[in-house]
Amino acid sequence: LRTLHPKSYVIAVFQPHTYSRTKQFLSEFAQSFSQADQVILLPVYTSARESGGDVTSQDLLNEANKYHSKVSYFKSFDDCISYLQTTNYPQDLPKGDKLQTILITLGAGDVWQVGEEVIK
């Protein structure tokens with residue numbers, strides 16, 4: 001995405017899928033957003049085989065903060081959507097430095113709904 005849009009402000013909204021996968025790949029997930037200008041994390045999307053675990057998106061936030069300067073966590077889709085709809089982008093870059101904002105949602109759950117609501 002960054003290669004295709006080098007002058008865009010990229011916001012990655014990530015919803016981890018399953019507690020066991022999030023725990024197993026915590027460090028890799030935390031480091032994987034280096035090309036995004038901003039990262040937003042949502043609660044872990046559970047599966048039928050897993051109702052809980054000993055890792056959370058807050059743990060991922062703490063780890064991601066080691067590698068990225070602009071990471072946030074929202075406990076609900078509604079809070080995330082509200083934030084995205086009321087924030088002016090790009091907010092921290094010199095005028096003209098970035099041409100457009102791109103929102104990408106990532107995850108195996110229902111995170112796509114965030115993008116759908118933001119563009120309404």
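- Looking only at distances, no side-chain donor or acceptor of D79 sits under 3.5 Å from a matching main-chain atom of K75.
- Of the candidates L84, V118, T87, V39, L84 is the only one forming a side-chain contact (heavy atoms from CB on, under 4.5 Å) with I11.
- Taking both residues in full, the closest heavy atoms of S72 and Q38 are given as OG-NE2, 4.4 Å, listed atom of the first, atom of the second, then distance.
- Distance CD/Q85 to CD/E117: 7.5 Å, rounded to 0.5 Å.
- At least one side-chain heavy atom of Q113 sits less than 4.5 Å from a side-chain heavy atom of F77.
- What you find for S34 and H68 is that their closest heavy atoms are CA-CD2, 4.4 Å.
- Formation of a donor-acceptor pair under 3.5 Å by the D59 side chain with backbone atoms of T56 is found in this model.
- Considering only residues two or more places apart in sequence or on other chains, S27 meets the side chain to side chain donor-acceptor pair (under 3.5 Å) condition with Q31.
- T105 and G115 make their closest contact through CG2-N, 3.9 Å (heavy atoms, listed as atom of the first residue, atom of the second, distance).
- Here the closest heavy-atom approach between residue L42 and residue C80 is recorded as CD2-CB, 3.8 Å.
- To the nearest 0.5 Å, atom CD1 of residue I40 and atom CZ of residue F14 are 13.5 Å apart.
- For the pair Q15 (side chain) and V111 (backbone), a donor-acceptor distance under 3.5 Å is present.
- Here the shortest heavy-atom pairing between L26 and E63 reads O-CG, 4.2 Å.
- By the 4.0 Å N-to-carboxylate-O rule, D37 lies too far from K70 to be salt-bridged with it.
- Proximity of L106 to F33: side-chain heavy atoms (C-beta onward) are separated by under 4.5 Å at one or more points.
- Distance check, rounded to the nearest 0.5 Å: CZ of F29 to OG of S57 gives 10.5 Å.
- When side chains are defined from C-beta on, S82 does not count as touching F74, because their heavy atoms never get closer than 4.5 Å.
- Connection of F25 to V13 is not established within any shared hydrophobic cluster, with ILVMFWY side chains joined at heavy-atom distances below 4.5 Å, either directly or through further cluster members.
- One N or O on the side chain of R2 and one on the backbone of H5 form a donor-acceptor pair closer than 3.5 Å.
- Separating the CD atom in E116 from the CG atom in D110 is a distance of 12.0 Å, to the nearest 0.5 Å.
- Hydrophobic cluster membership is shared by L60 and V71, with clusters built from Ile, Leu, Val, Met, Phe, Trp and Tyr side chains linked at under 4.5 angstrom.
- Across all non-hydrogen atoms, the minimal contact from T18 to T22 is O-OG1, 2.7 Å.
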